[in-house]
Amino acid sequence: MAWDFETDPEYQAQLDWADEFVRNEVEPLDLIWPHEQFVPLDGARRKAIDPLKERVRQKGLWATHLGPELGGQGHGQLKLALLNEILGRSSWAPVVFGCQAPDTGNAEIIAHFGTATQKERYLRPLLEGEIFSSYSMTEPQAGADPARFETRATRDGDGWVINGWKYFSSNAATSSFLIVMAVTDPDVSVYKGMSMFLVPSDTPGIEIVRNVGLYGEPMNGGSHALIHYDNVRVPDDDLLGGAGQAFAIAQTRLGGGRIHHAMRTIGLAQKALDMMCERALSRVTAGSALSDKQFVQGYIADSYAQLKQFRLFVLYTAWEIDKYQDYKRVRKDIAAVKVVMPTVLHDIAWRAMQVHGALGVTNEMPFFTMIHGAGVMGLADGPTEVHKTTVARQVLRDHSPTDDIWPSEWIPKKQGAAREKYAEFLEHEVGNR
């Protein structure tokens, strides 16, 4: 019987190194260069960060989600989960370790579906961390519902012409290329009528109308672009995976991306719990430390239990992906993880904020950033409500209706069946009385 909750000693040593490295070398980057992790490196940032990337490479922890042929270790999702919960503490850590979103997902689909030429032009510099990419799928009127997408790519000679609007194309302003999802055959289902294109960011006709910011960011100062594709011409060589393949490619990308978000959320929620505990032990009020107050103890206990349950669920789901190598088979649990994730981060960060009092709501502490991040996680890669529907449908497939007027667990009926099954013993019992 194989059942274990331990990491092998060799990989645990790597995780221990990563934990110390992120804490001492990478987390300070969040303070001196906040929100600049997706700006191409130059000057002082390059001098500081390139050596950090090299140390990660020397440790064998660079882009470990990719196979050796692409410069990674080919680690499965379980190993990635254990590493990513460390990286989740820092905005810069995924960049330093070569596994930042959305580039990881974009690299994965180019590796799976790209031609040799596409891999050389787009994938190789992406894996080297020299360029960034954007996944341009969501639309203003449709959100993430592909059945309502209106962006079209039409054949024109030996190429395609793209027209339409895309919304929330993350990091488009600093990306070297975009992966654009467009309708290429409106007369068939969305599962067969959409295609993906690798489009260089400097292609004529790409207009970033504005960069949408998250709450607290200045207007037009965010990183999620509203893009107008106005007669954007691309060659046939920039079609990714063949015409009509976009939906299948998207599912490959999003399945892994959703579980990676969860992995990093574990680390961020743990950071909030650690800060809560430190504050509870340090702050004295009304005659005793906050850690002596039952209300605060309840916050800590609830947060610990909530995080441990979530962590085990994420690790189990990662294990399933490794075991079955089939995202469809694990779809139910991936969706369930996505449902639980925002609530876990929100609840723990909110409690930690409360324990810090007035300080907790200021911009001198990170709690509202975490709480806001929980809201973003509830929408990224599909809204929570859609994933709940997916979970329910998948769960219901494992059950059947009863043909009887009464539920199958109706006690009077089961009691009668039980008496019939053990009738001879009951008769002896009656006779002995």
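In this text the structure is predicted, and so the values were computed from the model without any measurement. All residue numbers refer to positions in the sequence shown, counting from 1.
For the atom pair NE2 of His356 and CD of Glu364, the computed distance is 12.0 Å after rounding to the nearest 0.5 Å. Taken from OH in Tyr229 to CH2 in Trp165, the straight-line distance is 12.0 Å, to the nearest 0.5 Å.
Applying the side-chain contact (heavy atoms from CB on, under 4.5 Å) test between Val26 and each of Ile49, Val56, Val96 identifies Val96 as the sole match.
Between Gln77 and His65, the side chains place no donor N or O within less than 3.5 Å of an acceptor N or O (distance only, hydrogens not considered). No hydrogens or angles considered: a donor-acceptor pair under 3.5 Å links the side chains of Thr184 and Ser195.
By the neighbour-count criterion of 12 heavy atoms within 6.0 Å, atom CD of Glu10 is sparsely surrounded, having that number or fewer from other residues, nucleotides or ligands. In Lys192, the NZ atom is not crowded: 12 or fewer heavy atoms of neighbouring residues, nucleotides or ligands sit closer than 6.0 Å. Environment of CD in Glu20: sparse, with no more than 12 heavy atoms of neighbouring residues, nucleotides or ligands closer than 6.0 Å. The environment of Arg155 atom CZ is dense: over 12 non-hydrogen atoms of other residues, nucleotides or ligands sit within 6.0 angstrom. Within 6.0 Å of OH on Tyr11 lie more than 12 heavy atoms contributed by other residues, nucleotides or ligands. Counted within 6.0 Å of CG on Asp8, heavy atoms from surrounding residues, nucleotides or ligands total more than 12; the atom is thus considered enclosed. Residue Gln12 qualifies as enclosed at atom CD: its count of foreign heavy atoms under 6.0 Å is above 12. Around atom OH of Tyr304, no more than 12 heavy atoms belonging to other residues, nucleotides or ligands sit under 6.0 Å away.
Across Gln297 and Ser291, no two heavy atoms sit closer than the pair NE2-O, 2.9 Å. Scanning all heavy atoms of the two residues, the minimum distance from Lys332 to Val395 falls at CD-CG2, 3.7 Å. Residue Cys99 comes nearest to Arg264 through the heavy atom pair O-NH1, 3.9 Å, listed as atom of the first residue, atom of the second, then distance. Here the shortest heavy-atom pairing between Ala107 and Leu127 reads CB-CD2, 3.9 Å. Ala269 and Ile348 get closest at one heavy-atom pair: O-CG2, 3.6 Å. The two residues Ser136 and Leu178 have their closest heavy-atom pair at CB-CD2, 4.4 Å.
Judged by distance alone, with hydrogens and angles left aside, the side-chain atoms of Thr203 form a donor-acceptor pair with the main-chain N or O of Pro200 at under 3.5 Å. Between the side chain of Lys53 and the backbone N or O of Val95 there is no donor-acceptor pair closer than 3.5 Å.
Applying the side chain to side chain donor-acceptor pair (under 3.5 Å) test to Glu120 and every residue at least two apart in sequence or in another chain returns Arg124.
For the pair His261/Met377, a side-chain contact is recorded, criterion being any heavy-atom separation below 4.5 Å from C-beta on. A heavy-atom distance below 4.5 Å is not found between the side chains of Thr265 and Val344. Using a 4.5 Å cut-off on side-chain heavy atoms (C-beta onward), Ile227 and Ile206 make contact.
Ring orientation note: the planes of His346 and Trp350 are close to parallel, at an angle under 30° on the 30°/60° scale.
Between Asp237 and Arg121 no salt bridge is recorded (no basic side-chain N to carboxylate O distance below 4.0 Å). Ion pairing of Arg89 with Asp19 is present here, as a side-chain N (NZ or NE/NH1/NH2) and a carboxylate O approach within less than 4.0 Å. Here Arg233 pairs with Asp156 in a salt bridge; the nearest charged N to carboxylate O distance falls below 4.0 Å.
A cation-pi arrangement is present between Lys166 and Phe149 under the rule of less than 6.0 angstrom and at most 45 degrees off the ring axis.
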Query raised in the report: Step by step, would you call Gln270 with Arg311 a side chain to side chain contact (heavy atoms under 4.5 Å, CB included)?
Result: CA-CA 10 Å; Gln270 180 66 57; Arg311 183 177 186 270; over 6 Å; no
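Residue pairs meeting the side chain to side chain donor-acceptor pair (under 3.5 Å) criterion with at least one partner in residues 143-152, sequence neighbours excluded, are Glu139-Thr151.
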